[in-house]
Amino acid sequence: MTAADPARTDRRRLLVSGLLLGIGAMGALDEIVFHQLLHWHHFYDRAGGDAALVSDGLLHAVTWSATVAGLALLADVRRRGSFTPRTWWGAVLVGAGAFQTFDGVVDHKVLRVHQVRYGVDLLPYDVAWIGAGVVLLAAGLALLARARTPAADR
């Protein structure tokens with residue numbers, strides 16, 4: 001049995017922290033703005049009524065849990081002195097973009113559990129929703145690519 005490389009373990013924790021925080025933050029933003037403030041949709045609109053409201057509560061619980069777990073891992077990485085901002089921000093953007101893109105493609109188009117809005121031409125909303133996710137994902141991947149060397153990640 002070999003001992004794990006501490007630097008590699010810390011980098012993996014930093015990446016997971018950023019991914020969880022990005023997923024949690026984007027999910028919470030979606031839930032708060034589009035579900036609760038604008039009332040454009042619920043997470044599961046196919047049943048309507050109480051089931052839609054419960055599905056929003058479950059989504060909120062999952063995104064909040066991801067956020068808390070991401071922050072706990074971030075605190076651990078900072079305590080170890082292994083925090084590198086470019087890697088962490090890259091992972092946060094990848095997490096946020098992955099959530100947004102997955103929601104737009106899988107939830108909206110493949111599974112059809114909900115749409116961005118109802119009763120309107122969906123194309124501009126879908127382009128903005130999925131496009132924003134792809135831009136966040138690309139920006140995060142670019143940051144992670146630039147942070148591959150320790151000297152570049154400062």
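Quick caveat: nothing in here was measured; it's all calculated off a predicted structure.
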For this session: Decide whether Ile23 and Phe34 are clustered together by the hydrophobic rule: side chain heavy atoms of Ile, Leu, Val, Met, Phe, Trp, Tyr closer than 4.5 Å, transitively.
Result: yes
Exercise. Which heavy atom of Gly140 sits nearest a heavy atom of Val94, and at what distance?
Worked result: C-CG2, 3.5 Å
Exercise. In this structure, are over 12 heavy atoms from other groups packed under 6.0 Å from Asp121 atom CG?
Worked result: yes
Exercise. Which of these, Val16, Leu15, Thr9, sits in a side-chain contact (heavy atoms from CB on, under 4.5 Å) with Arg13?
Worked result: Thr9
Exercise. Do any N or O atoms from the side chain of Ser17 and from the backbone of Leu73 form a donor-acceptor pair under 3.5 angstrom?
Worked result: no
Exercise. Do you reckon Leu19 sits in the same ILVMFWY cluster as Leu143, going by side-chain contacts under 4.5 Å, direct or chained?
Worked result: no
For this session: Evaluate the side-chain proximity of Thr84 to Trp88: yes if any heavy-atom separation is below 4.5 Å, no if none is.
Result: no
For this session: Please tell me if the side chains of Ile130 and Gln100 come closer than 4.5 Å, counting only heavy atoms from C-beta onward.
Result: no
Exercise. Are Leu21 and Val33 connected in a single hydrophobic cluster, I mean Ile/Leu/Val/Met/Phe/Trp/Tyr linked by side-chain heavy atoms less than 4.5 Å apart?
Worked result: yes
For this session: Mind checking the CZ-CZ spacing from Arg78 to Phe83? Nearest 0.5 Å is all I need.
Result: 5.5 Å
For this session: Go through the side-chain N and O atoms of His114 and His42 and say whether any donor and acceptor fall under 3.5 Å apart.
Result: no
Problem set entry | Pairwise side-chain contact, His35 with His41, heavy-atom cut-off 4.5 Å (strictly under) | yes
Exercise. If you count the non-hydrogen atoms of other residues, nucleotides and ligands that lie under 6.0 Å from CH2 in Trp40, is the total more than 12?
Worked result: yes
Exercise. Between Thr63 (side chain) and His60 (backbone), is there a donor-acceptor pair under 3.5 Å?
Worked result: yes
Exercise. Is Trp89 linked to Phe99 within one hydrophobic cluster, defined over Ile, Leu, Val, Met, Phe, Trp and Tyr using a side-chain heavy-atom separation of less than 4.5 Å?
Worked result: yes
Exercise. With a 6.0 Å cut-off on ring centres, are His108 and Trp129 close enough?
Worked result: yes
Exercise. Between the side chains of Thr87 and Arg11, is a donor N or O closer than 3.5 angstrom to an acceptor N or O?
Worked result: yes
Exercise. At their closest point, which heavy atom of Ala47 faces which heavy atom of Ala51, and how far apart are they?
Worked result: CB-CB, 3.6 Å
Problem set entry | Passing option when Phe43 is tested against Val54, Val62, Asp56, Asp30 for side-chain contact (heavy atoms from CB on, under 4.5 Å) | Asp56
Problem set entry | Heavy-atom side-chain proximity of Asp126 to Lys109 below 4.5 angstrom | yes
Exercise. Judged by modelled atom types alone, do Tyr118 and Asp45 share a side-chain donor-acceptor pair under 3.5 Å?
Worked result: yes
Exercise. If Ile, Leu, Val, Met, Phe, Trp and Tyr residues are connected whenever their side-chain heavy atoms lie under 4.5 Å apart, and connections chain through other members, are Leu71 and Leu29 in the same group?
Worked result: yes
Exercise. Can you find a pair of side-chain heavy atoms, one from Leu136 and one from Met26, that are under 4.5 Å apart?
Worked result: yes
Exercise. Crowded around Arg80 CZ? As in, over 12 foreign heavy atoms under 6.0 Å?
Worked result: yes
Problem set entry | Asp107/Arg112 ion pair, N-O < 4.0 Å | no
